[in-house]
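Everything below concerns the one structure shown next.
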Amino acid sequence: MTAKRIADGVYYTGTIDWDRRTFDELVTLPRGTSYNSYLISGTSATALIDTTEPSRAAELLRTLEEMDADIKYIISQHAEQDHSGTIPELLEIYPEAEVIGTPACIELLQELLRINGNFREVKDGESLSLGDRTLRFIVTPWVHWPDTMVTYLEEDGILFTCDFFGSHIATSDIMETPDDFLREAKRYYAHIMMPFSQMVASNLRKISELEVSMIAPSHGPVISEPGLIMDAYDTWTSGGDGVVIAYTTMHGSTRVMVERLTEKLMELDVSVRPVNVAEHDTGEFLTELVDASVLVVASPTVLTRPHPAIASVLYLVNALRPPLRHVAVMGSYGWGSLIESEVRKLLSNLNVEYLESVLVKGLPVEEDLQRVDELAMKIKGVNGW
Ligand code: FEO
């Protein structure tokens, strides 16, 4: 694609994946995505920040050829292949180019791409002169691997952030913030950043000291109002007080309980979001967890255990460690159930308190539903609503 100028001597050279619909074979991408790279042309040298997915290499190389780019530095902010995947081809064209990254990034590049080249490890705060432009590297680990750093273009106040502040949005209007930007950025945060929320918050504080005029991530549009996404990240890393009900149902008994709990919580003015995990996409469910402090797991019993659709999302919750404080288990069974103990095992990474379970034999009767009402009252109490 044709490069787009985003500031004097600074060009967007990204590739747009309009049709990609899943990432990591896990989370759906309703808006596609992009793999952004940026060319910075100084009076004495030119640097490329990040590259693109291996499958998009030809597109990036064509753009750089059209620009007659003479790349001296390849800045690798993160070794994951969606950003580093074209470094091997670039090194064939620019064999003298230096590949610059954190020590952890350089090590990963060599392991993931099996490349040789001129590598330069940088320390936190180190600068690189391009003549009239200066790049400062700021080490920001765990956004989203241990190797990550961001790059600050001092003269323009542009912060290049790779995955940090990214969104999976394919758009030709790279400089415009779409109406649903924060929703997609939040979905992205849930999938990529949520397991490292404390490190994300710490890195957020670190870069807050910079005068930033524009954030240029390596997925999604350039953000011309940095406060918009930085405030959102501040909120997301702080957790929330919502209730998410992850449920599925086989013959309707569990659904009856979920509907009663949802109604009761709404009556109590508690923010609640039931998600039928067998019908909704994983990204939507994870996005809801960013603001949740209570997770209610509601499942029918399948051969004494939770339904596999529930077990699958709990595996993910356990890995992504949302900021939950309480978990409650509801469910139905025919002759016996180990749902509660299985949920505890599946969520063993979480430091949460369990509320009293509501497990019902067969179709719930009014007495059972009153126990659901009591659970709603308890949730309201622990959540401080
Ligand atoms: Fe967009 Fe962690 O790679």
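Both counts, for ligands and for their atoms, begin at 1 and track the order of listing. Quick note: numbers below take in every heavy atom, side chains included, and nothing from hydrogens, waters or symmetry partners.
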Fill in the blank from the handout: Taken by chain and residue number, the protein N/O/S atoms under 2.8 Å from atom 2 (Fe) of ligand 1 read His78 NE2, Glu80 OE1, His144 ND1, Asp163 OD2

Practice task
Could you verify whether a donor N or O on one side chain and an acceptor N or O on the other, from Ser37 and Thr13, lie under 3.5 Å apart?
Solution key: yes

Exercise for the section: Indicate whether any N or O donor in one side chain lies under 3.5 Å from an N or O acceptor in the other, for Ser167 and Arg31. Expected result: no

Handout entry: Side-chain H-bond candidate by donor/acceptor type, Tyr188 with Asp163, under 3.5 Å
Key = yes

Exercise for the section: Please determine, by modelled atom types, if Asn118 and Glu98 share a side-chain donor-acceptor pair under 3.5 angstrom. Expected result: no

Exercise for the section: Would you kindly say whether Thr301 and Ser337 are connected by a side-chain donor-acceptor distance under 3.5 Å? Expected result: yes

Handout entry: Test item: side-chain donor near acceptor, Thr15 and Glu53, under 3.5 Å
Key = no

